[in-house]
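All values reported here derive from a predicted model rather than from experimental measurement. Residue numbers run from 1 in the order of the sequence given. As a basis for the values below, the full set of heavy atoms in this structure was taken, side chains included, without hydrogen atoms, waters or symmetry mates.
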Amino acid sequence: MREYPVHTLQQLAFALRDRRKQKKKTQAIAGAEVGVLPKTISALESIPGPRSIDSLFKLLSALNLELVLRPKESEPYAGGKMPKPDW
């Protein structure tokens with residue numbers, strides 16, 4: 001399986017859409033498997049922005065994906081200060 005580095009909402013949307021297509025599932029099928037409307041799947045895949053965390057985890061389940069947080073290889077932020085997120 002492909003790994004997807006995700007640093008932005010747009011990258012997350014691309015990764016979800018790409019994985020669904022790899023699994024040959026329509027938005028309706030993926031949604032039906034976990035009780036989410038196709039329009040919710042569409043929104044998660046195409047309109048980066050705040051979405052229901054519950055819906056996100058349901059879609060990850062339908063696509064047999066897990067969300068993994070891990071430290072980056074290097075610390076890119078000087079002085080330990082995180083930059084302000086762009087969302």
Side-chain angles (χ1 to χ4, degrees):
M1 186 186 122
R2 218 180 274 182
E3 285 193 14
Y4 302 92
V6 175
H7 303 284
T8 67
L9 293 172
Q10 290 86 353
Q11 290 172 333
L12 177 60
F14 172 83
L16 293 171
R17 183 175 50 253
D18 189 58
R19 176 64 173 175
R20 178 181 54 77
K21 288 182 177 184
Q22 281 180 15
K23 295 188 71 69
K24 300 185 185 331
K25 293 185 181 189
T26 64
Q27 292 174 343
I29 290 171
E33 289 178 357
V34 292
V36 174
L37 294 173
K39 69 180 184 177
T40 302
I41 304 295
S42 177
L44 288 166
E45 291 182 351
S46 64
I47 305 170
R51 297 287 165 241
S52 164
I53 296 299
D54 187 51
S55 294
L56 173 60
F57 279 103
K58 287 179 179 181
L59 178 56
L60 292 173
S61 176
L63 301 178
N64 196 31
L65 292 173
E66 63 182 4
L67 185 62
V68 177
L69 301 177
R70 66 171 187 247
K72 292 182 179 181
E73 293 296 321
S74 62
E75 181 61 46
Y77 309 113
K81 292 184 180 179
M82 297 284 287
K84 195 172 188 178
D86 61 339
W87 60 83

Donor-acceptor pairs are to be reported for all side-chain atoms of residues 11-18 against protein atoms at under 3.5 Å, with residues two or more places apart or in another chain.
{"residue": "Gln11", "atom": "OE1", "partner": "His7", "partner atom": "N", "Å": "2.5"}
{"residue": "Gln11", "atom": "OE1", "partner": "Thr8", "partner atom": "N", "Å": "3.1"}
{"residue": "Arg17", "atom": "NH1", "partner": "Glu45", "partner atom": "O", "Å": "2.4"}
{"residue": "Asp18", "atom": "OD1", "partner": "Arg2", "partner atom": "NH1", "Å": "3.4"}
{"residue": "Asp18", "atom": "OD2", "partner": "Arg2", "partner atom": "NH1", "Å": "2.5"}
{"residue": "Asp18", "atom": "OD2", "partner": "Tyr4", "partner atom": "OH", "Å": "2.7"}
{"residue": "Asp18", "atom": "OD2", "partner": "Gln22", "partner atom": "NE2", "Å": "3.2"}

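The shortest heavy-atom contact between Lys23 and Leu63 is CD-O, 3.4 Å. Contact between Leu59 and Ala30 at its shortest, heavy atoms only, is CD1-CB, 4.4 Å. Closest approach of Asn64 to Arg19, counting heavy atoms only: O-NH2, 3.7 Å.
Residues Val34 and Phe57 are not in side-chain contact: their nearest non-hydrogen atoms beyond the backbone lie 4.5 Å or more apart.
Atom CZ in Arg20 sits 11.0 Å away from atom CG in Leu44 (nearest 0.5 Å). In this structure, the separation between OG on Ser55 and CG on Leu37 is 8.5 Å, given to the nearest 0.5 Å. Taken from OG1 in Thr40 to CG in Leu56, the straight-line distance is 11.5 Å, to the nearest 0.5 Å.
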